Amino acid sequence: MAKVNATGSSQKIDQAQFICREIHNTHPSGIFYGENPLKYSFTLLLLEGGIIIGPSVLGRNKQFARHIFPDNATFVLKNVGLIGFVYFLFLAGVKIDLTMIRKAGKKPWFTALFGVMVPLVTVVSIALGVRKSLDKEMARPSSIIGFSSAFAITSYPVLYQIIKELNLLNSEIGRLALSTVMISDFIGLHFMALFEFVRQWEEAAIDALWYAISFVGIMLTIVGARQAMIWVVRTTPEGKPVQQVYVVAILVLVMVVAFASDVSGLAIANAPMWLGLMVPNGQPLGATLVEKTETVVIEILMPFSFALVGMNTNVTSMSGQWSRMVLLLVMAIAAYVTKFVAILMTSRFFEMPIRDGLALSLVMSLRGQLEILIFLMWMDLEIIQDPYFTMLVLLVTMVTALATPLIQILYDPSRPYMVNKRRAVQYTPPNTELHIVACLHDQESVTGFVNLLKVSNPTVSSPFCVYVLRLIEFAGRAAPVFIDHDNQTQAFEHTSFNPIHNALKLFQESYCDFVKFHLFTSVSPIRTMYQDICELALTKKATLIILPFRKESLDSRTEVVNDGGIQSVNANVLSHAPCSVGILVDKGSFRTQIANYSMRRSSHNFAVLFFGGADAREALAYADKMAGNSEVSITVLRFLSHNGDGDKAMEKKLDDGVVTWFWVKNEGNERVIYKEVVVRNGEETVAAIQAMNRSEYYDLWIVGRKQGINPVLIEGMSSWSQNHELGVIGDLVTSDDFSSNASVLVVQQQVLRAQERVLESLLGRFSCSTYTSECT
């Protein structure tokens, strides 16, 4: 069942000197064929990265170094590494939304200012106190400015990458850290320009003047480029990608401004990052640039950048130099410690929990590529030498290596969703408002969701308050965005939301007394999208979250087939939701038939498969709300094991209570049918469901997901299941082999804190790496 030889030899010919070098092939056949893997470029690509191949370890062996870096390879590697840094910072600038600085509240502003100024003043004070003991170049005013700003300021590109890897982008700490570091980085850009200007002034006043002229010229070029990019965006048809020629032109311009920046005395990476900041954010230009270049930069160019760092890191050079290096080490450690304490004190001032404050302080202490690039620049300017560079690289590595696991220990982004209060349809008092969070991925999700609301019987005494969350996988930006359209202050760039908004508005006009919509949009990465869903459900005290499940319909349409990203979101929500969850598998028939029911028949057949357990009870409670709709007929089929095999006494009592309540309540309702069937194993269960499917057409199957199901009832069925978030029964009635066009609603009742271990293995099965490489 598909579901249920010669290196560097030379000679003179006609008075001209020719150098013969071996051409490296790509892949070796293998060491067992007597081949040297170091003579093949692919193996070199894997090895050329990190300190291990540098002079600290393997590079000390001259023969190894000759194989890895023959002749001019070192020169080429350095240039490719710098190109990697240049494009990395350009893309970082593309992703940054400068409007976030203007929107930032008091907390990120105070955190950024204290987190920068306290360590900066500390380092300057220490440097002035020990200035006579510093090396000549390090004692210069420009050097002190450079040291203090580099040690005090956390860079946005580095922090974003680490927060993304820790799945904290959509968390409270992640959002606060990104807002804070954006302000911090903005301050840092000014200090970098000040450092370069003062250094030029120390050489000669005329040099500083030429520096200022070059700076203004480059900035005018970048501003002019922004106007051209705005024109590109304006002339690109809505919904269409930017033409390839414009993308290539911008990428060439990156190298042009980097060259101009370098020859005019500015740091080589400054102008590319400024150019990135000028790129219009998001669709279509920013997103296209990121989409077409990020993989090449991160996966191909950046390894050479790390190899460049490794080549300049020589641990042995530190021997006997500690007396000279200790002052710079003290300044760096003092900056990190005072920054940590300053941010922690600021967080306590704003009454953040101590664990969250510690986590934020550690996050803001993280260091990475940009700091190392600054150290390389200091080496080029001869401010520091190899021992200092090696010490700083090791210090940065150690700080990040220690802080990262501590952040994971201190802060769990899903902790706020672990509520002990019941938030389920079964426990919602009658004649009260039902709060629902509905997630929509695209326009195709709208019709099925709206029709589900129609048949769910909202009434004046029991209205629905629906929080519609439009989910968009972000591209071309770094910080995730969460928009409350009821309080929206500016235009939303994703125009595809307008048809969704219009469709919901029309529906609300027809059901104005029964249904109220509140519209939201989340633009975030797939791997952390669940956090926005759960946070919205938590703050709005939702009883039910409705998620779409993308499934190829039976009429061979090819819009989407089992989208892995959506499955990943669904699995994460199931694991962390603070309320009950319903997954709607809309095959299309549910859409069209219910939307046109007045032309077909006046009643819709829904089937409830009751296997017992909390999820089944929740599904029955939701079906009970539908039973009040005069256009809906419901057939409930309860499955019982032969002689009670495998039954748990408590679950059985709870099931009996809910079934009795449902039957008594609907005893006089001719549109509700209740049946029972006794089965011995999963095979008989499948046979009973198939027989039910053949006997009558159903528009919708309603099933519980998996909690509390008697294992005897589904014995042998688990091995068939592929879509685990639907449960065994949900996957069965959704499968193509089931031969049904009916849609499916799979319900999971809220998992309380004490029950959360039941689903703790779910994330492992549905990690982003399993479904889509774009999440990684």
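Nothing here was measured: the structure is a model prediction, and the numbers come from that model.
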Classify the ring geometry between [X] and [Y] as parallel (under 30°), tilted (30 to 60°) or perpendicular (over 60°).
X: Tyr156; Y: Tyr160; value: parallel
X: Phe186; Y: His190; value: perpendicular
X: Phe520; Y: Tyr467; value: tilted

Would you check if [X] and [Y] make a side-chain contact, meaning some heavy-atom pair closer than 4.5 Å?
X: Leu178; Y: Leu169; value: yes
X: Met278; Y: Ile230; value: no
X: Val181; Y: Ser155; value: no
X: Leu358; Y: Leu344; value: yes
X: Val118; Y: Met345; value: no

### Message
Tyr411 and side-chain contact (heavy atoms from CB on, under 4.5 Å): which single residue from Leu406, Asp356, Leu360 fits?
### Response
Asp356

How long is the straight-line distance from [atom2] of [Y] back to [atom1] of [X], given to the nearest 0.5 Å?
X: Glu294; Y: Glu299; atom1: CD; atom2: CD; result: 9.0 Å
X: Thr447; Y: Asp586; atom1: OG1; atom2: CG; result: 8.0 Å
X: Ile250; Y: Leu289; atom1: CD1; atom2: CG; result: 5.0 Å
X: Ile472; Y: Ile483; atom1: CD1; atom2: CD1; result: 7.5 Å
X: Asp185; Y: Thr180; atom1: CG; atom2: OG1; result: 12.0 Å
X: Ile533; Y: Asn570; atom1: CD1; atom2: CG; result: 7.5 Å

### Query
Got a sec, which residues hit ring pair (Phe, Tyr, Trp, His ring centres under 6.0 Å) with Phe349, two or more places apart in sequence or on another chain?
none

Atom [atom1] of [X]: over 12 foreign heavy atoms under 6.0 Å:
X: Phe110; atom1: CZ; value: no
X: Lys292; atom1: NZ; value: no
X: Phe514; atom1: CZ; value: yes

### Query
So, Glu535 and Arg175, do they make that salt bridge, N to O below 4.0 Å?
no

### Query
Checking side chain to side chain donor-acceptor pair (under 3.5 Å) for the pair Arg367/Thr154: CA distance, chi angles, key distance, verdict?
CA-CA 7 Å; Arg367 297 292 187 269; Thr154 305; 3.2 Å; yes

### Query
For residues Gln707 and Gln749, is any side-chain donor paired with an opposing acceptor at under 3.5 Å?
no

### Task
Test side chain to side chain donor-acceptor pair (under 3.5 Å) on Ser456 and Tyr622 and set out the steps.
CA-CA 8 Å; Ser456 296; Tyr622 194 81; 2.6 Å; yes

